[in-house]
There are 2 protein chains.
Amino acid sequence: MKLREGVEWAAHCCINLSWVAPDKAVKAARLAAFYDLPAAYLNKQLNALGRAGIVSSQSGPRGGFRLGRGPEQITLMDVAAAIDGSAQAFLCTGIRHNGPAGELGAPDGYRTPCSVSRAFSSADLLWRRQLAAQTVADLAAEVRRANPAAPDYVRHWFDRN
Amino acid sequence: MKLREGVEWAAHCCINLSWVAPDKAVKAARLAAFYDLPAAYLNKQLNALGRAGIVSSQSGPRGGFRLGRGPEQITLMDVAAAIDGSAQAFLCTGIRHNGPAGELGAPDGYRTPCSVSRAFSSADLLWRRQLAAQTVADLAAEVRRANPAAPDYVRHWFDRN
DNA sequence: GAACGGGTACTCGGATAACTATTGTCCGAGTGACTGTGG
DNA sequence: CCACAGTCACTCGGACAATAGTTATCCGAGTACCCGTTC
């Protein structure tokens, strides 16, 4: 089980975007440069955030990305789902319906869902709840507590160019 | 984020193995036939379970697999870790140390762990706890509740050959 | 009749190949800003 | 001086390639059983 690397990038970018002036768009290349990331690929991830409404984008000169809504309205689950998809980790393929095992459920098939599937779903649910409980604003506040200079530093760095 | 398909197979096989006589080994081909799975590939997964001590294996005629310990001692987390690896879903690559972002932590580097990483770790922890709280014995009992005929059916089917 | 040794068939285990998904790159479409011209 | 049209440079967005990871297959190593032989 592995999350795509883009999730990390996207989360950090959201935090940074929460610190720049709301009316200022930051272009992908600039966001990438802050962490030495491949610009074109980060752009791809930001596209995904855009499709999910987490950021809004604008083409052309003075274009770029900005948060699509307040940072307290964006959860980590939103970000993870936008980049990595919202499918749950365990996909029940229903193997118990195949072969001799299928006879057990006859004649009307299994009625209750697979116990294995339910077990994993319950774990998934906790994972999702925990991510949904943490917003970009929360993370930004935490970063600020550990490093009070961060917001200003970020804002000014993105203001240049 | 996606778990390997083998996790599902392994979980079901563990449940089935919990129902056959403890001194009877079941060969991979037989376990596979029960669900119409590719035998050689399932064998690979069972190898992984063996390396983790979840099942014990024996070569040669009358060989096969059996549970390495009582089903109440095997958690779903054990199974998932054996097949899918125990690394957590979110791997912090520490991008904040790269490029201009790295200057923020200067001169002695960041001291507290990345807030994004911590957020995902907390979700991971809940996921793991939930899986670790459910044993193969629990799942087997649940299957039995939904379908009381299952244990006998399985035991007898695996007894033939 | 019992014990022993060799052969045989069977099953796991890891090495090898095919395939799918993720990661990375590139170029075209769209957009706003700038410049020069005319009123 | 102001308004306007044309041109240009810039940035996103999706199409295309490279790489890594997962899925599937195959053959060799090891093991217990069976059978024939010998004491």
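Proteins get letters first, then strands, A, B, ... in listed order; numbering begins at 1 in each. Values in this document were obtained by computation on a predicted structure and should not be read as measured data.
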Sugar-phosphate, base or nothing in reach of A:A28, heavy atoms under 4.0 Å: sugar-phosphate

Heavy atoms from other residues, nucleotides or ligands near CZ of B:R155 exceed 12 (cutoff 6.0 Å): yes

Nucleotide D:dA32, atom P - distance to NZ of B:K27 in whole Å: 17 Å

Spacing of A:N47 atom CG relative to C:dT23 atom P, expressed in whole Å: 16 Å

Ring-ring centroid check B:F34 B:W157, cutoff 6.0 Å: yes

Nucleotides 18-31 of chain D: protein proximity per nucleotide (B base, S sugar-phosphate only, - neither; heavy atom, under 4.0 Å): ----SBBBB---BB

Side-chain (A:D138) to main-chain (A:T135) donor-acceptor, under 3.5 angstrom: yes

Atom-pair distance (CG on B:L91; P on C:dT23), nearest Å: 11 Å

Exceeds 12 heavy-atom contacts within 6.0 angstrom, atom CZ of B:R129: no

Pairs satisfying salt bridge (Lys or Arg N to Asp or Glu O under 4.0 Å), at least one member in residues 65-79 of chain A, at least two apart: A:R69-A:D78

Nearest listed nucleotide, side chain of B:R62, among D:dG13, D:dC33, C:dG13: D:dC33

Sugar-phosphate, base or nothing in reach of A:A29, heavy atoms under 4.0 Å: nothing

Geometric cation-pi criterion A:R96 and A:Y110, 6.0 Å radius, 45° cone: yes

